[in-house]
A.B. asks: 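Would you mind keeping the following structure in view while I ask a few things?
Reminder, nothing fancy here: chain letters follow the sequence lines and each chain counts from 1.
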Amino acid sequence: MLLENMFTDDNLVWMDGQGHDNDIVLSSQVRLARNFKEIPFPNRASVTQLTEAKMRILNITSDFSNITKENYTSIDMDKLTNLQKNVLVEKHIISSNFLKNTEARTLIISINSDIAIMLNEDDHLRIQCMQSGLDIKKALEKAFIIDDAVEKKYDMAFDDAMGYLTACPTNLGTGLRASVILHLPGLVATNQVGKIINVSPQLGLAVRGLFGNTAHGHLFQISNQLSLGFEENELVDNLTHTVEEIVSHEREARKALLSYAEEKVCDQAWRALGVLKYARSLSDKELLQLASNVRLGIDEKIITGINENVFNKLIIAGRTNYLTNLQDKESMSQREVDKIRADVTRRIIASSSVKE
Amino acid sequence: MLCDNCKKNEACIHITQINGNKKIDRYLCEDCAANYGEFIMQENSEDQPEVFSINDFLSGIFHNTPQAEETAEPVKSEEYTCPACGMTYMDFTRSGKIGCSKCYDTFRSKLEPLLRRIHGASKHNGKIPQRAGKMLNIQQELALLRKQIQEYITKEEYEKAAQVRDCIRRLENDIESKE
């Protein structure tokens, strides 16, 4: 992915619909929080100190390219427009927290956008690695490669008892936050998502809707809450096993749904596809809902002739900032955005159709 | 034109909402406009992490720790200033964020109960950096032993002190050989 495409592409390598359990798991992500030993954490550091932390990493970026065989670009946050920054947030490449201050805040991102390093967010380094499908282990491996390369050159803030030291005590220890994005229309339709949300804290995990509390598009994000006292692999295994469990429940829920209400599921899927194909105005919530219905239809072989990847693309392309940025405008009214959203949707559906 | 929300009735009310530098236009029917309050709630609910962050929550936990410690605190609170970054214990209770790696040493005794509450543990068990890790281990043990030896000497338990001294020598040799 080239820099200029970063804000306009509707495709992300780690959202390409491939990987394990790709009918339910969209992507896996691992984030490591790291700090340099001698420099105060970003919330207490001066601009000179922040720049020092930034330069340390920029100096070894070529090491990253050598080890991972990928090229990296660095983007200074103060050089981007607000809209561009928000597009990166929508694409889950940076956190909204990263935008609060722009001084010496830099993003280092691999050409494939599967490795992104935020410099001077809450911590000096936030190493994020993404992988499509359920493959947290792979994402962790990539994160460790980057982490090792940094450790080789610099002393990191580390304490034998408390592990990696972080600005927020909730990340202390491993500094690891692993998360997975899941599409759970079956569990939502059978009213079972609540059970999973209730049980997850007991497993040290948190489940939340990907887009706000109402979980538009039946998309959920599940992540580990604990970071201290466990090995990284334990944390990742725990999350992986829980996700596998959720995936098997989702499959059963879909099976049940199809045996009791096949006509309804069928009708909803085709109806949703019809609206997406022909609508001239779509709100973001409506798009997510309909795209989810279509994806369920594709997964259950009700709808054929459309690439399942269309759902992933619509999730990225349906976001308001992304659409506004496409038009090269500073801001647009909701009506304008809804119209563009429908245009883009029609284009994506047309390009994802497979000739039978 | 149809209502933005229900897409069924004719829109007869135009609402412009200005939220920071974001402008939102809505064309609503009478029924949906009546329920507009709920819309605003929905918009806000997506921003909720901004309004209420984990750090606010942490600082809350600190303020709500009713313990006998607090009576002893005013005398001690002077000590709780990090020598490296100047963060005070009060700063931490306010922001819920730690200032630098030294702070963890400075506030260790205060932080440990909190860590147990957040993580259920206060001992790291994962990856160790190759550079800092091993040396750090020995150095910490040394610091501990030096403290111990002082205690034994003041208590005049010289036999135990001698044992500890031997330990310290062995560790110091280890470090030298590694360097």
Side-chain angles (χ1 to χ4, degrees), chain A residues 32 34-41 43-45 82 96-97 122 144 147-148 151-170 172-176 204 211-214 225-235 281 283 285-286 331 333-336 338, chain B residues 1-2 4-5 7 16 21-27 42-43 45-50 53-55 57-58 82 84-87 91 95-105 108 111-112 114-116 118-133 136-137 139-141:
Chain A
L32 295 176
R34 295 287 187 262
N35 286 286
F36 294 117
K37 196 176 168 192
E38 308 86 2
I39 307 176
F41 300 157
N43 66 82
R44 302 278 307 180
N82 279 334
S96 51
N97 206 8
D122 261 2
F144 274 171
D147 186 35
D148 287 340
E151 255 164 29
K152 225 179 216 170
K153 287 273 160 63
Y154 304 108
D155 282 329
M156 306 311 284
F158 182 84
D159 178 277
D160 277 13
M162 295 191 274
Y164 288 97
L165 304 177
T166 52
C168 183
T170 48
L172 200 68
T174 54
L176 174 85
F211 300 114
N213 301 332
T214 25
Q225 286 310 97
L226 306 177
S227 60
L228 182 67
F230 298 92
E231 278 176 46
E232 286 84 351
N233 281 325
E234 286 180 276
L235 290 169
S281 169
S283 76
K285 281 155 202 166
E286 188 181 10
S331 68
S333 78
Q334 189 158 4
R335 265 194 310 156
E336 284 177 283
D338 288 352
Chain B
M1 183 179 48
L2 290 182
D4 279 346
N5 184 45
K7 309 241 158 57
T16 304
N21 54 2
K22 237 170 64 191
K23 192 174 135 198
I24 301 170
D25 278 303
R26 283 181 202 280
Y27 297 84
Q42 278 174 14
E43 294 287 332
S45 74
E46 276 162 33
D47 292 335
Q48 225 167 35
E50 297 276 328
S53 76
I54 179 73
N55 295 318
F57 191 69
L58 284 181
C82 176
C85 71
M87 195 180 83
D91 285 339
S95 70
K97 274 186 194 164
I98 311 266
C100 71
S101 50
K102 274 275 176 295
C103 291
Y104 276 101
D105 278 335
R108 184 181 295 264
L111 281 172
E112 266 176 8
L114 172 77
L115 294 178
R116 264 197 298 277
I118 301 174
H119 297 284
S122 60
K123 180 87 186 76
H124 178 57
N125 209 1
K127 194 179 184 220
I128 293 173
Q130 298 145 339
R131 284 162 61 90
L136 216 75
N137 232 327
Q139 269 163 4
Q140 273 206 347
E141 212 175 320

A.B. asks: Going by side-chain contact (heavy atoms from CB on, under 4.5 Å), name the residues that satisfy it together with B:Arg116, two or more places apart in sequence or in a different chain.
C.D. replies: B:Ser122
A.B. asks: Measure the CG-OG distance between B:Asp4 and A:Ser281 for me, rounded to the nearest 0.5 Å.
C.D. replies: 7.0 Å
A.B. asks: Strictly distance-based, threshold 3.5 Å: is any side-chain N or O of B:His124 a donor or acceptor partner for the main-chain N or O of A:Tyr164?
C.D. replies: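 Side chain of B:His124 to backbone of A:Tyr164, a donor-acceptor pair under 3.5 Å: no, none is there.
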A.B. asks: Within a strict 4.5 Å, meaning less than it, do heavy atoms of the A:Leu165 and B:Tyr104 side chains meet?
C.D. replies: yes
A.B. asks: Enter the distance from B:Ile128:CD1 to A:Glu151:CD here, rounded to the nearest 0.5 Å.
C.D. replies: 10.5 Å
A.B. asks: Sort out for me which residue in B:Cys103, B:Ser95, B:Cys85 forms a side chain to side chain contact (heavy atoms under 4.5 Å, CB included) with A:Arg44.
C.D. replies: B:Cys85
A.B. asks: Quick check: does any side chain N or O of A:Asn43 sit under 3.5 Å from a backbone N or O of B:Ile98, one acting as donor and the other as acceptor?
C.D. replies: yes
A.B. asks: Find the one option among A:Asn35, A:Thr166, A:Asp338 whose heavy-atom pairs under 4.5 Å with chain B are most numerous.
C.D. replies: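 Most heavy-atom pairs within the cutoff with chain B belong to A:Thr166.
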A.B. asks: Hey, is A:Arg335 close enough to B:Asp25 for a salt bridge, meaning N to O under 4.0 Å?
C.D. replies: no
A.B. asks: My understanding is that only residues two or more places apart in sequence, or in another chain, count here; which of them pass ring-ring contact (aromatic ring centres under 6.0 Å, His included) with B:Tyr27?
C.D. replies: B:His14
A.B. asks: How long is the span from the CZ atom in A:Phe36 to the OG atom in B:Ser101, to the nearest 0.5 Å?
C.D. replies: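 Separation between the atoms: 12.0 Å.
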A.B. asks: Testing A:Asn233, A:Thr174, A:Asp147 one by one against B:Lys127 for a side chain to side chain donor-acceptor pair (under 3.5 Å), which residue passes?
C.D. replies: A:Asp147
A.B. asks: Identify which part of A:Glu336 has an atom lying under 4.5 Å from any heavy atom of chain B, answering side chain, backbone, both or neither.
C.D. replies: neither
A.B. asks: Using a cut-off of under 4.5 Å for heavy-atom pairs, which of A:Leu235, A:Asp148, A:Leu176 has the most such pairs with chain B?
C.D. replies: A:Asp148
A.B. asks: As an exercise: rank B:Gly86, B:Ala84, B:Gly126, B:Cys100 by heavy-atom pairs under 4.5 Å with chain A and give me the winner.
C.D. replies: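 Winner by heavy-atom pair count: B:Cys100.
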A.B. asks: Is there a donor-acceptor pair closer than 3.5 Å between any side-chain N or O of B:His119 and the backbone N or O of A:Phe230?
C.D. replies: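 It does not hold such a pair.
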A.B. asks: Between atom CG of A:Leu228 and atom CD1 of B:Ile118, what is the distance when rounded to the nearest 0.5 Å?
C.D. replies: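 Output value for this atom pair is 9.0 Å.
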A.B. asks: Specify the closest pair of heavy atoms between A:Ala161 and B:Arg108, including all atoms of both residues, with the distance to one decimal.
C.D. replies: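 Heavy-atom minimum between the residues: CB-NH1, 4.0 Å.
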